[in-house]
S.K.: 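Before I ask anything, let me first share the structure, which is written out below as structure tokens.
Just so we're clear, the structure is a prediction, and the values are computed from it rather than from any experiment. All values below were derived from every heavy atom in this structure, side-chain atoms included, with hydrogens, water molecules and symmetry-related copies excluded.
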Amino acid sequence: MPDCSRRLHRYRFRSVWQLHAPPAVVYAVLERAESYPQWWPQVREVTRIDDRSGTARFRSLLPYDLKVVAAEQVRDPGAGVLEIVMRGDLAGWARWTVVPGAGGTRAVFEQDVEVRKPLMRRVGLLARPLFRANHALMVRAGRRGLARWLART
């Protein structure tokens with residue numbers, strides 16, 4: 001695949017979430033991927049395949065679903081790191097880093113993915129700003145949902 005095409009369809013994201021709960025509590029919630037649909041509205045479905053992998057379906061404001069197979073790459077409670085590799089409509093990785101922060105926890109969510117969904121690739125150049133805005137809305141809703149979830153526990 002030409003390098004410029006790869007760059008066009010590649011996205012890197014980084015979000016920092018300040019949460020009012022201890023890091024161990026936040027980490028425990030984040031490591032249970034099957035519970036994400038309960039607190040993150042755009043994570044529509046998570047189904048376990050085995051102890052280290054599963055499928056997930058995401059949908060935010062734009063009218064398309066993204067489906068991936070995710071496999072655990074790193075689970076290190078001592079360092080506060082959870083990392084997965086993905087394949088499917090997105091290929092790449094996502095990582096949580098959970099550390100003490102002001103008033104509780106600083107959770108850093110990072111992603112480095114390449115879009116594989118054919119429709120998104122066809123409109124990639126024109127729709128790139130929409131895709132980035134859609135992701136920002138999704139992440140904002142996830143932070144709010146997790147904060148509400150943690151306040152209830």
S.K.: May I ask you to say whether R10 pairs ionically with E114, meaning some side-chain N is under 4.0 Å from a carboxylate O?
M.R.: no

S.K.: Side chain of D112, backbone of R12: donor and acceptor closer than 3.5 Å?
M.R.: no

S.K.: Which value, rounded to the nearest 0.5 Å, describes the distance between R44 atom CZ and L66 atom CG?
M.R.: 11.5 Å

S.K.: Flag the pair K67 and D89 as a salt bridge only when some basic side-chain nitrogen lies within less than 4.0 angstrom of an acidic carboxylate oxygen.
M.R.: no

S.K.: Taking W96 for its side chain and G80 for its backbone only, find out whether a donor-acceptor pair lies under 3.5 Å.
M.R.: no

S.K.: If you link ILVMFWY side chains whenever their heavy atoms are less than 4.5 Å apart, which other residues fall into the same cluster as L119? By chain and number, please.
M.R.: none

S.K.: Are the charged groups of D65 and R57 less than 4.0 angstrom apart, N to O?
M.R.: yes

S.K.: Does atom CZ (R132) have a neighbourhood of more than 12 heavy atoms from anything else shown, all under 6.0 Å?
M.R.: yes

S.K.: Can you list the steps and then say if Y11 with H135 is a ring-ring contact (aromatic ring centres under 6.0 Å, His included)?
M.R.: CA-CA 10 Å; Y11 292 83; H135 185 273; 8.4 Å; no

S.K.: Taking L130 as the starting point, is it possible to reach L90 by hopping between hydrophobic residues whose side chains are less than 4.5 Å apart?
M.R.: yes

S.K.: Between T105 and A21, is there a donor-acceptor pair closer than 3.5 Å when you use the side chain of the first and the backbone of the second?
M.R.: yes

S.K.: Is it the case that more than 12 heavy atoms not belonging to D50 sit under 6.0 Å from its CG atom?
M.R.: yes

S.K.: Is there a chain of hydrophobic side chains (I, L, V, M, F, W, Y, each step under 4.5 Å between heavy atoms) that links W39 to V43?
M.R.: yes

S.K.: Just by modelled atom types, is the L8 backbone N or O under 3.5 Å from a matching donor or acceptor in the R128 side chain?
M.R.: yes

